[in-house]
Asker: 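Just passing along the structure, written as structure tokens.
Every chain is numbered from 1 and lettered A, B, ... according to where its sequence line falls, protein lines coming before strand lines.
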2 protein chains.
Amino acid sequence: MVSNTVSFHKFAKRSQNQKIILAAAEKVFAEAGYAGATTQLIADVANLPKANIHYYFKTKEDLYRQVVYNIFDIWMEAASAFDTELGPREALSRYIDKKMDLARTHPYGSKVWATEIIHGAPIIQDYLEGQLLEWSQDRSKHIQRWIENGEMDSIDPAHLLYMIWSTTQHYADFGHQIETLNAGKPYSDAQWQIAKLSVKTIILKGIGLTPS
Amino acid sequence: MVSNTVSFHKFAKRSQNQKIILAAAEKVFAEAGYAGATTQLIADVANLPKANIHYYFKTKEDLYRQVVYNIFDIWMEAASAFDTELGPREALSRYIDKKMDLARTHPYGSKVWATEIIHGAPIIQDYLEGQLLEWSQDRSKHIQRWIENGEMDSIDPAHLLYMIWSTTQHYADFGHQIETLNAGKPYSDAQWQIAKLSVKTIILKGIGLTPS
DNA sequence: AAAAAACTTGACCGTATGGTCAGATATGTA
DNA sequence: TACATATCTGACCATACGGTCAAGTTTTTT
């Protein structure tokens, strides 16, 4: 219907421009940091006049908030790959795979998250204390049960999680260093495969499992 | 004052003030990023007037350079703990220990390094292409030899190094997140011991070694 | 003692930044 | 068509920043 189409477009316009701006902002925040990211540069990358950015996002901080929230949501959704029904080998294997994929497909997001945490999480502290804490505690409990059932070695679950997070996100956050040590070239598909396999192999074997 | 005290101070004065400024700058750069770190704030932390900062360091960038260089030097010195004469178990074990110790004692430095890399290493690219590349290639060769001698599992040496770097530095860079998930409290001595042991155990076992 | 060198600092300056706003234009509604 | 609402944008502003400088004070040298 007419009114349907109209209101669809009315919506699309707004959300589409917001998407363009958010993508530009993610990239600029990742590469320049919060303070170093100028609204002018974000506008240039988004190919829009600066005043237009402020039409859709009241302040630079609002825009930054949105960017960080988006990343957290993506990670939280990926975290559901850590399906504790599957048992340790399959659950961890899938989770690591998923995190490695995100390191490749969403490096900017990972970088923004990393600097946010490094700077003391001024914006997303509530997320750390809420959703992340809850999720971590829940998964830790399951890991603990696996250990008690003799399904894997006895390891403090928190440190296992930190190892998975740090190792996988390293391929996004330190991508520039990795590229430099790789003759200045970004990883090929084959190299990403090897990276994924190496990470999975060491971690799974390291806690007493055989990789799938 | 006695003359030898005076002449002791003569020397100490310059380098001592520089040290105070460098320490303040390291902290501020770590917590606010390069662009977010104002010379005024560095001056306040150092408890000196802003103009005095510029007397010892010509520009903010010079100061930043010094900070990053210092960290790199400290890490490179620690890298000598990776003594390939010792064989894989002892060499890797000592290197991980050393890196964990530095994560605890030099968290600001680690954070500055991390953001520098995340932002594409605008300042220290030459170090990456020089010393770091050289060191990595040298150690990779030794790891390769261990593998060929059947002293450890067959793993791409680069990924083993990345795992050690990422995991250990995570305890510095993401210290805020770790603290938040630790009931808001920093790690105790005992908790650091467990962290070190967990990391060593998983990595060493993960590549087919028994922890020492 | 006096000249030189090193250090300290408040006041100042040009620039770049985040944000505003009024007016123009496009889009949807009746 | 006439009206209303959403979108766009150049020009503008107050503020905060890195850096300078001249006038001082302290320290070292002769």
Asker: Write down the distance between CD1 (A:I53) and C1' (D:dC8), rounded to a whole number of angstrom.
Answerer: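 Value for this atom pair: 12 Å.
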Asker: Nearest-Å distance, OH (B:Y55) to P (C:dT9)?
Answerer: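 Going from OH in B:Y55 over to P in C:dT9 covers 12 Å.
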Asker: Would you mind checking if A:D97 and A:K200 are paired as a salt bridge, meaning a charged N to carboxylate O distance below 4.0 Å?
Answerer: yes
Asker: Could you check B:A51 against A:P49 and say which one's nearest nucleotide on DNA chain D is further toward the 5' end?
Answerer: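 Its nearest nucleotide lies further toward 5', so the answer is A:P49.
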Asker: Between C:dC7, D:dT20, C:dG19, which nucleotide has the shortest distance from any of its atoms to the side chain of A:T59?
Answerer: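 Among C:dC7, D:dT20, C:dG19, the one nearest the side chain of A:T59 is C:dG19.
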Asker: Look only at the side chain of A:N182 and the backbone of A:G184, and say whether a donor-acceptor pair between them is shorter than 3.5 Å.
Answerer: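 Here the side-chain-to-backbone pair does not exist.
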Asker: Select one nucleotide: of D:dG19, D:dC17, D:dC8, the one nearest the side-chain heavy atoms of B:H54.
Answerer: D:dG19
Asker: Specify the separation, in whole Å, of atom CZ of B:F57 and atom P of C:dC7.
Answerer: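 That distance rounds to 12 Å.
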Asker: Between A:K50 and A:D44, does any side-chain N to carboxylate O distance fall below 4.0 Å?
Answerer: no
Asker: In this structure, how many angstroms lie between the P atom of D:dG19 and the NZ atom of B:K60, rounded?
Answerer: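 Distance, rounded to whole Å: 8 Å.
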Asker: Provide, to the nearest angstrom, the distance between the CG atom belonging to B:N52 and the C1' atom belonging to D:dG19.
Answerer: 14 Å
Asker: For B:Y64 and D:dG18, what is the distance between atoms OH and P respectively, to the nearest whole Å?
Answerer: 15 Å
Asker: Please give, in whole Å, the distance from C:dG18 P to A:R65 CZ?
Answerer: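 Going from CZ in A:R65 over to P in C:dG18 covers 17 Å.
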Asker: Rounded to whole angstroms, how far apart are CG on B:D62 and P on D:dT20?
Answerer: 11 Å
Asker: Could one point to a donor on the side chain of B:K50 or the base of D:dG19 with an acceptor on the other under 3.5 Å away?
Answerer: yes
Asker: Are B:D189 and B:R104 close enough for a salt bridge, meaning some N to O gap below 4.0 Å?
Answerer: yes
Asker: Counting any heavy atom closer than 4.0 Å, what does A:A35 reach on the DNA or RNA strands: base, sugar-phosphate only, or nothing?
Answerer: nothing
